[in-house]
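I have placed the structure first, in the form of structure tokens, so that the comments after it can refer back to it.
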Amino acid sequence: MNSSSSSPEKVQVHLVDGTYELFRSYFGAPKRATSDGREVAATRTLARSLLKLLEEPGVTHVACAFDTVIRSFRNDIFPGYKTGEGVDEELLSQFPLAERAAAAVGVVVWPMEEFEADDALATAAHRFDQDPAVERVVLCSPDKDLAQCVRGQRVVCWDRRRDLVYDDAGVEEKFGISPRSIPDYLALVGDSADGIPGLPGWGAKSSSTALARFQHLEEIPASYDDWQLKVRGGAKLAVTLAQRQEDALLYRRLATLRVDVPLDETLEDLEWRGAHRQALETLAEELEDPYLATRPARFAD
């Protein structure tokens with residue numbers, strides 16, 4: 001994605017969803033084990049993907065967040081929330097390796113345990129959106145959860161695989177609602193990947209239609225007669241929402257990303273100065289992928 005900067009002194013901040021990248025690499029790349037039998041294909045693919053990103057014009061300040069533990073504070077408030085249960089051990093075992101790979105490439109790494117990777121990305125997007133030295137914040141992920149972070153054309157989501165950028169208008173075109181309504185939308189339709197069940201009967205169309213008009217759950221009238229909208233099964237949906245308002249608000253809380261994760265790094269810390277030669281060479285040897293050690297455009301040490 002080319003930089004659109006008209007002010008050379010300003011920078012773009014690229015925030016990478018490391019968990020998404022690792023999952024995508026694991027399911028998208030052919031299996032590859034080292035000579036001692038350790039599966040490493042996803043880590044190798046992720047490392048190459050980060051190096052490719054760093055070759056893009058305008059990519060100067062980068063951080064990558066991972067779900068080091070696939071649990072968070074959300075499991076304490078809703079037992080059904082996602083865990084690592086059912087995730088392939090070959091994938092789980094690569095999280096520490098992937099974090100090492102990202103660090104060796106030279107990008108800032110945020111390993112999350114109490115919070116989720118998305119919370120770290122949301123926090124960083126919120127922080128750097130307010131920095132006058134930043135032209136744009138780019139969330140490198142197609143994850144619908146992160147769409148709630150989009151702000152105009154200043155904070156956007158970038159689906160690198162399809163090279164699609166979602167600004168405010170893009171989110172509205174895709175979901176039929178503004179970014180501000182994404183947590184409400186997920187509360188209604190649910191999110192199976194995160195273990196959010198949603199409300200019975202509420203689907204993508206009915207949810208987007210209602211939220212396009214009322215934006216938030218509390219603003220949807222209890223009586224369908226007051227909606228002044230044509231929604232299939234609307235009377236029943238209104239009753240369901242009224243009866244399960246407390247559940248819906250809990251689901252929205254689960255879907256709402258935090259912007260108060262304690263991240264120490266400043267904008268200056270996120271500047272990519274090159275890969276770490278020794279760390280990358282060691283990793284390349286461990287992954288049995290010597291190409292990695294020669295790929296970086298420059299080295300910091």
Side-chain angles (χ1 to χ4, degrees), residues 19-20 67 69-87 112 114-119 121-123 126 141-151 157 166 168-261:
T19 297
Y20 164 77
D67 291 300
V69 178
I70 307 183
R71 289 186 64 89
S72 69
F73 71 92
R74 291 178 176 86
N75 295 95
D76 296 330
I77 61 178
F78 184 63
Y81 198 71
K82 68 178 179 183
T83 65
E85 185 177 353
V87 180
M112 291 292 106
E114 177 185 355
F115 297 96
E116 295 182 50
D118 285 355
D119 295 314
L121 299 175
T123 296
H126 177 73
S141 175
D143 191 337
K144 57 184 175 295
D145 296 354
L146 289 168
Q148 66 189 268
C149 303
V150 170
R151 296 290 182 271
C157 286
Y166 295 95
D168 259 14
V171 171
E172 291 188 17
E173 181 180 355
K174 183 176 183 179
F175 296 101
I177 53 175
S178 78
R180 267 64 65 187
S181 297
I182 291 292
D184 303 81
Y185 174 85
L186 295 174
L188 292 175
V189 304
D191 187 347
S192 58
D194 287 343
I196 300 175
L199 298 188
W202 282 89
K205 180 63 175 177
S206 56
S207 299
S208 62
T209 300
L211 292 170
R213 174 71 175 272
F214 300 110
Q215 194 168 50
H216 296 300
L217 297 173
E218 305 93 325
E219 297 169 12
I220 301 176
S223 172
Y224 176 61
D225 293 336
D226 296 327
W227 286 17
Q228 298 182 358
L229 292 171
K230 290 184 178 181
V231 178
R232 185 176 182 179
K236 186 176 181 180
L237 294 176
V239 171
T240 298
L241 179 58
Q243 292 178 342
R244 299 192 55 181
Q245 182 86 356
E246 186 174 338
D247 288 338
L249 294 176
L250 170 61
Y251 301 156
R252 185 178 66 183
R253 181 184 175 192
L254 295 173
T256 301
L257 299 181
R258 297 278 292 268
V259 294
D260 60 346
V261 177

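- A donor-acceptor pair under 3.5 Å is absent between the side-chain atoms of Glu114 and the main chain of Ser72, judged by distance alone.
- In this structure, the side chains of Phe214 and Pro221 come closer than 4.5 Å at one or more pairs of heavy atoms.
- The cationic group of Arg244 does not satisfy the cation-pi geometry with Tyr251, failing either the under 6.0 Å distance to the six-membered ring centre or the 45° limit from the ring axis.
- Asp67 places a side-chain N or O within 3.5 Å of a backbone atom of Ala117 that can act as its donor or acceptor partner.
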Run the numbers on Glu219 and Arg213 for side-chain contact (heavy atoms from CB on, under 4.5 Å), then give the verdict. CA-CA 9 Å; Glu219 297 169 12; Arg213 174 71 175 272; over 6 Å; no

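- Counting heavy atoms from C-beta on, the side chains of Cys149 and Leu257 come closer than 4.5 Å.
- Leu237 is not listed as a side-chain neighbour of Tyr224, based on a closest heavy-atom distance of 4.5 Å or more.
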request  = For Leu249 and Arg253, run side-chain contact (heavy atoms from CB on, under 4.5 Å): C-alpha distance rounded to whole Å, both residues' side-chain angles, the deciding distance at 0.1 Å, then the answer.
outcome  = CA-CA 6 Å; Leu249 294 176; Arg253 181 184 175 192; over 6 Å; no

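- Interatomic distance, Lys230 NZ to Thr209 OG1, rounded to the nearest 0.5 Å: 12.5 Å.
- No donor-acceptor pair closer than 3.5 Å links the side chain of Trp227 to the backbone N or O of Gly234.
- A donor-acceptor contact shorter than 3.5 Å is absent between the side chain of Ser207 and the backbone of Ala204.
- Side chains of Val150 and Cys157 form a contact here, defined as non-hydrogen atoms less than 4.5 Å apart.
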*asked:* As a quick check of understanding, evaluate side-chain contact (heavy atoms from CB on, under 4.5 Å) for Thr83 and Ile70, giving each step before the final call.
replied: CA-CA 5 Å; Thr83 65; Ile70 307 183; 5.6 Å; no

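- Rounded to the nearest 0.5 Å, atoms CG (Leu188) and CD1 (Ile196) are 11.5 Å apart.
- Ion pairing of Glu218 with Arg252 is present here, as a side-chain N (NZ or NE/NH1/NH2) and a carboxylate O approach within less than 4.0 Å.
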As a quick check of understanding, evaluate side-chain contact (heavy atoms from CB on, under 4.5 Å) for Asp76 and Tyr81, giving each step before the final call.
CA-CA 9 Å; Asp76 296 330; Tyr81 198 71; over 6 Å; no

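- The line from CD of Gln148 to OH of Tyr185 is 13.5 Å long, rounded to the nearest 0.5 Å.
- Formation of a donor-acceptor pair under 3.5 Å by the Arg180 side chain with backbone atoms of Ile177 is not found in this model.
- Side-chain contact check for Asp260 versus Phe115: some heavy-atom pair is nearer than 4.5 Å.
- Atoms CG and CG, on Leu211 and Leu217 in that order, are 6.5 Å from each other to the nearest 0.5 Å.
- No side-chain heavy atom of Asp143 sits under 4.5 Å from any side-chain heavy atom of Tyr20.
- Distance alone, capped at 3.5 Å, places no donor-acceptor pair between the Ser206 side chain and the Trp202 backbone.
- Under a 4.0 Å N-O distance rule, the pair Glu85/Arg71 does not qualify as a salt bridge.
- Checked for salt-bridge contact, Asp194 and Lys144 miss the test: no charged N lies under 4.0 Å from a carboxylate O.
- Atoms CZ and CG, from Arg74 and Leu250 in turn, are 11.5 Å apart once rounded to the nearest 0.5 Å.
- The CG atom of Leu199 sits 6.5 Å away from the CG atom of Leu241 when rounded to the nearest 0.5 Å.
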